[in-house]
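In what follows, a structure is listed as structure tokens, so that the remarks can point back to it.
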Amino acid sequence: MLEKINEIKHQIEQDIVNIKNSNDLENFRVKYLSRKGIISELYDLIKSIPQDDRPSVGKAINELKIYCQQVFDNKKQEIENLSNIITEQIDLTLPGRRRWVGSLHPLTKTLKEIKFIFQKMGFDIADGPEIEEDYYNFEALNFPPEHPARDMQDTFFISDKILLRTHTSPVQIRVMERTTPPVRVIIPGRVYRNEAISARSYCLFHQVEGLYVDEGVTFSELKGTLVAFAKQFFGSNLKYRFRPSFFPFTEPSAEMDITCFLCNGKGCRVCKQTGWLEILGCGMVDPNVYKYVNYDAEKYTGYAFGMGIERITMLRYGIDDIRLLFDNDIRFLKQF
Amino acid sequence: MRISLNWLKNYVNIDVSPEVLAEKLTNVGLEVESIDYLGKKYDKFLVGKILKVDKHPNADKLTVCKVDIGSEIIDIVCGAPNVAENKLVVVGLVGATIPRNQHDTDSKPFTLKRANIRGIESNGMICSEYELDLGEDKSGILILKDEKLKAGTKLSDYLGLNDVVFEIGITPNRPDCLSHLGIAREIAAIFHVKLKKPKIKIKESKELVTFAAKVYIDDIDKCPRYTARVLRNVKVEPSPQWLQNYLNAVGIRPINNIVDVTNYVLMEIGHPLHAFDYDRLKNNTIKVRTAKDGEHFVTLDGKGRELKEGILLICDDEKPVAIAGVMGGVNSEITETTKNILLESAYFLPQSIRRTSKLLGLSTDASQRFERGADPNITKYAINRAAELIQRLTNAKVLLGYIDIYPKPIQPKKIFLNTQKVNRTLGTNLTYYPIKNLLQKIDIKFLKRNKIGLWFEVPTFRPDLERDIDLIEEIARLYGYDNIEIKMRSPILFSEQANFRDFEDEIKNYFFGRGYDEIITNSLLSKEMASLSKDEYVEILNPISRDMATMRTSMLPSILSVIKNNIYHQSKNLNLFEIGKVYFKDSSVPRGPYTTPNYREEKRIILAKTGISECPHWSRDERESDIFDLKGEVEDLFVMLSLDKYKFISYTIDRTLTEMNLNIMYQNVEIGYIGKVKKEILELFDIEQDVYVSDINLDILKSFVNYKRKYVPLPLYPMVIRDLAFIVDKGISVEKLLETIKLSAGELLKDINLFDVYTGERIAPDKKSCAFTLQFQSEEKTLTDEEVTQVVENIIKVMNEKYNATLRK
Ligand SMILES: [Zn+2]
């Protein structure tokens, strides 16, 4: 019997070390110290041993019980202390260690998306200067001197023949000068207009120009490309229309409208009650332009298009004042 | 341009709604920008009769009127001096929008509300001519003289405003559409109906016009045609209401019957006419000649104008009487006393009129039409139409015949159109017949055809149609852009080698990820700001304002004004960047595929940091940003781009905008700088906190980037790390210490990092301690302790010799 008591003591010693939390503690208590626990069972066993042995065995069981209670109490204290440390010293609700979060300008975001779509369709990206020659900005684009079409674009002049480009179209000429067809590029860039600054116009803005010249390029394909772009950009269930317009460097020329997504075509302030939003101008490259870059107008046809990044950005985010884009108030910038 | 629906209906049957008509017009390239239902403007305005006028009990200058508005009698408080009992006036009811506020500097419209004016309820407003946009008189309320008018009559009915007006954006290539007949022609083509041109009936007198006046043309190139008629016994008076209504509808203020008729014909047929007072033309003579420099002339608007060589003038026998095709003169204008008139219907060279208009800064309805190209063959029809109307209105005597100088008649153009080319351009499958039919609808004459294509004759009212491609556009337009099927058959094209990396985007993403906000600013700024640079700046000849008269030479001023505005809105901790161009005059720049001669454009990035350096957090102390924050950004940028040959040089030369400068060098090329913005510059922007900036030339930086990388085998042998702290004089720069350590350590030293700088009590006051971590590694073997110690001892020795450095224990 004493042997058995010793064995239980050993077991207690092992079990107590393995106690990690209050659950383990409770299991330990049930196993040894409860009314149906191992120690209570030992007391029941006393009756079955010889009378003479009873005092010594009884004493041993008592000592075991005291020992067990003691280690249990110690462990309990220890566990409680531990959980107190956690709750007192580490408040996990405190804010994390953060860094400033930056932002990309909404115009950059719009341009990235436009570039992404046209790059998927096989367009390369081209570039050119903002301080431009009259020749590239007007003359080679079939704006003759003293032509009323020049009034469509109020121009900042640097000198008689040098100006701030009024559109990205001069880069069309520069690209065709340095490449033979096929040519398929988009040209993003900053352009300037000498207009009073207001909620609707700024003295500069950004455009994306597109140009595709090859054998067999048709107006039908121009429509296809731009519809594909518009659906990718604005959503595939959009409605659109092409209507005739005028640009000296394209013929036929068109403007592309999409149904106003703010009023679903019913008419609102943004679409000036028409239900339509103009998103870009386009057309077939005018044969006169090919003369300036020595392309054979009988062999090649091509299309060009251009869109304003500010306009598209303002439409999609519902920004009603273009100046916000250039004020750079970070409360504005961080919204996109 | 404003086009009246009622007016159009004189020439073409229209049985669709204004909205449908607008859509159809837009689809053929005549973009209807808005539809104006004229009556709507005067929706809540009624004719009222003032029954009683009482003094306002609480205001001397105000009266309280009882006004009969038909259905009821209402009280209105009025301040006009001419208010009187029994007068008929116009009453704006509560809810009405007053078209022009005469107490507002911009005359903005406003909506009437029920008002309590000094204790008296006012239920409307009695309006002035100005407020109603019916005239310019602001002095008092409009008193209606028509005695038969009933109180309660709608103002729109009284004014005959049952019209709908379309605002149409006419592109510069379509001068033929700058008139009602021109638009009607398009409508007839759209709806397949007939165009009814007005038939003209004139009773001519027996007196021959050729005896009454003489016309001479000096410059037949600038004035290819001049047609004139003379009318006697006109009576100058206000036009009848129908004529006034038409003109008002299209936005032309009626003046008198003679001038109104010329304007009416202008808006009807599209040809500008001019009426002279015949008796004020010296010797009844018209001479068309060019001006000499310095000639002076007073135009109809009362302005004196200095003329320039080459401006075309209409003169009498001694003086100019009109600037040809632009504006008439005061000295021959139609007045109430005019008895006889000479009508002019001419054709002027577009370029000449445009030049004149630019030189004088004067653009008129007439000049706009001439410079876009009028029809030289319509002068007679137009002048007859005017003569007919004036005769009808005033019973004038129209003299027999015309004066018509037209020595070289301008013939309609003949154009050959290859059918295949039509389809090759449009992607359609059109045959002869639809092509012919479409063009005939807009009066383009079919001449003949052959196996390849068709010959057409283009009427002279379409100066924009000169080539086959111009006809192809007309075909597409009338066929309907929306009817051209979408076909995509473009081949896949590849550029020489795919460009996976967009350098600029990569930099943007990098700084965005580092917590910087991207800004985009104006590249035009004031001369004062541009001249802060030592380079030559680019000036604009015709700036909007002084603030935007030059191209920026640095992005620093604009980023500072962004900082200023944000601080104003309580955002004081800012990390900003912008990628953009700066511009210089530079005679070394040649004409090139990417350059304009004599001008240099550089792509730059500017970084700015101000306020505290890191997001505030409970676990750390706030620290103001300093130069090392930005230096770190730049160093990390180089690491990101795998560029390791960078160097910073503490700049002793003064920069205009910044101090504490560090020049950023790469392989001995200067690519930018880091610095602290000078106090005096910050003061210009009212910024009271320190701002640190870095400005880097991205074109040069990009030229150093090599995207082609090669794998370097990973080290085979372990690394040994030693920490060394040296005590040296405070004045010795860390850069020098680093250089010396690297040099004395030799090839085994792979990396070195400064991890602590100490000054203070534990060392001598003129000394500092710099602690470094050194990493040693060999490519051939595992380094022994002794080998490393040997190197370290050499370092200590050299450091001691060179800088008197001692090891800190
Ligand atoms: Zn809308």
Side-chain angles (χ1 to χ4, degrees), chain A residues 94 97-105 107-108 112 122 124 127-133 146 148-149 152 156-158 162 174 177-178 182 184 190 194 196 203-204 218-221 223-225 227 241-246 251-252 254 272 284 286-287 301 325-331 333, chain B residues 26-29 34 171-173 351 354-355 371-372 424-427 469 473 476-477 481-482 484-488 490 492-493 495 508 511-512 514-524 538 540-542 544 548 562 565-566 569 571 575 581 583 593-596 599 601 615 617-619:
Chain A
L94 281 170
R97 207 166 279 119
R98 297 174 60 182
R99 310 195 48 161
W100 309 115
V101 177
S103 60
L104 287 177
H105 197 281
L107 293 176
T108 295
K112 268 190 177 193
D124 277 340
D127 196 3
E130 291 170 24
I131 299 174
E132 186 57 280
E133 294 178 62
E146 302 297 333
M152 291 165 80
F156 285 116
F157 288 94
I158 302 293
I162 305 286
R174 289 178 174 273
E177 274 183 350
R178 61 180 186 242
R184 187 152 63 193
R190 177 172 286 203
N194 193 342
C203 54
L204 60 89
T218 64
F219 189 85
S220 154
E221 174 141 0
K223 276 183 68 176
T225 306
V227 168
R241 73 175 181 191
F242 286 84
R243 57 186 164 77
S245 189
F246 170 73
E251 182 147 32
K272 289 194 260 165
M284 301 303 291
D286 193 295
T301 50
L325 293 168
F326 300 102
D327 282 350
N328 298 294
D329 187 320
I330 62 166
R331 297 170 302 173
L333 296 177
Chain B
T26 301
N27 284 342
V28 296
S34 62
T171 52
N173 59 327
Q351 293 84 333
R354 179 175 155 84
R355 199 174 151 264
E371 70 179 58
R372 291 172 182 211
R424 195 162 65 89
T425 307
L426 300 179
I469 191 73
E473 178 171 57
R477 192 168 73 79
Y481 281 10
D482 286 340
I484 296 174
E485 238 182 290
I486 287 177
K487 285 177 228 151
M488 282 190 74
S490 44
I492 298 167
L493 297 177
S495 48
K508 281 185 181 179
F511 282 107
F512 154 51
R514 307 264 303 190
Y516 281 73
D517 295 311
E518 188 197 5
I519 63 169
I520 294 181
T521 63
N522 195 341
S523 33
L524 305 176
V538 181
I540 290 160
L541 289 181
N542 55 336
I544 304 177
M548 289 183 266
V562 169
N565 291 338
N566 277 295
H569 293 298
S571 308
N575 304 299
K581 280 181 170 179
Y583 314 80
Y594 301 93
T595 52
T596 296
Y599 296 93
E601 299 181 15
C615 223
H617 193 260
W618 51 271
S619 71

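Naming convention: chains lettered A, B, ... in sequence-line order (proteins, then strands); numbering from 1 in each chain. Treat the numbers as computed from the prediction; the structure is a model and nothing was measured.
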Seminar exercise, completed: dist B:T521:OG1 -> A:H105:NE2 (nearest 0.5 Å) comes out at 9.0 Å
Exercise. Measuring from A:T225:OG1 to B:I486:CD1, what's the distance to the nearest 0.5 Å?
Worked result: 9.0 Å
For this session: Report the option among B:I519, B:L426, B:N27 that has the most heavy-atom pairs separated by less than 4.5 Å from atoms of chain A.
Result: B:L426
Exercise. So A:D329 and B:N566, side chain to side chain contact (heavy atoms under 4.5 Å, CB included) or not? Walk me through it.
Worked result: CA-CA 6 Å; A:D329 187 320; B:N566 277 295; 3.5 Å; yes
Seminar exercise, completed: Shortest non-hydrogen pair, A:R174 vs B:Y594, comes out as NH1-N, 3.9 Å
Problem set entry | Modelled atom types, side-chain donor and acceptor of A:T108 and B:K508, under 3.5 Å | yes
Exercise. Looking only at heavy atoms, what is the nearest atom pair of A:M284 and B:T425, with distance?
Worked result: CE-O, 3.6 Å
Exercise. Looking at B:N542 and A:N194, what are the two nearest heavy atoms and their distance?
Worked result: O-ND2, 2.9 Å
Seminar exercise, completed: Scored by heavy-atom pairs under 4.5 Å with chain A, the best of B:H617, B:R354, B:M488 is B:R354
For this session: Identify which part of A:E133 has an atom lying under 4.5 Å from any heavy atom of chain B, answering side chain, backbone, both or neither.
Result: both
For this session: Of all the heavy-atom pairs spanning B:I540 and A:I158, show the shortest one and how long it is.
Result: CG1-CD1, 3.9 Å
For this session: Please report the closest heavy-atom contact between B:Y481 and A:F242, naming both atoms and the distance.
Result: CB-O, 3.4 Å
Exercise. Going through the distances and angles, do A:F246 and B:E473 end up as a side chain to side chain contact (heavy atoms under 4.5 Å, CB included)?
Worked result: CA-CA 10 Å; A:F246 170 73; B:E473 178 171 57; 5.6 Å; no
Seminar exercise, completed: One option among B:V28, B:V538, B:I469, B:T26 has the most heavy-atom pairs under 4.5 Å with chain A, and it is B:I469
For this session: State, yes or no, whether a side-chain contact exists between B:D482 and A:R241 at a heavy-atom distance under 4.5 Å.
Result: yes
Exercise. How long is the gap from CG on B:L524 to CZ on A:F156, to the nearest 0.5 Å?
Worked result: 5.5 Å
Problem set entry | Which atom of A:K223 lies closest to which atom of B:I484, heavy atoms considered | NZ-O, 2.7 Å
Problem set entry | Side chain, backbone, both or neither of A:I330 within contact of chain B (heavy atoms, under 4.5 Å) | both
Problem set entry | Working for side chain to side chain contact (heavy atoms under 4.5 Å, CB included), residues A:R99 and B:N575 | CA-CA 11 Å; A:R99 310 195 48 161; B:N575 304 299; over 6 Å; no
Problem set entry | Non-neighbouring partners of A:E221 that pass side-chain hydrogen bond (donor to acceptor under 3.5 Å, both in side chains), sequence neighbours left out | B:S490
Seminar exercise, completed: Taken in chain and number order and not counting sequence neighbours, the residues that satisfy side-chain hydrogen bond (donor to acceptor under 3.5 Å, both in side chains) with A:R98 are none
For this session: Would you indicate whether the side-chain heavy atoms of B:K581 and A:E130 approach each other to under 4.5 Å?
Result: yes
For this session: With a 4.5 Å cut-off on heavy-atom pairs, point out which of B:G29, B:C615, B:G427 contacts chain A the most.
Result: B:C615
Exercise. If we only count heavy atoms from C-beta on, is the B:N522 to A:F326 side-chain gap below 4.5 Å?
Worked result: no
Seminar exercise, completed: If one checks every heavy atom of A:L204 against chain B at 4.5 Å, the contacting part turns out to be side chain
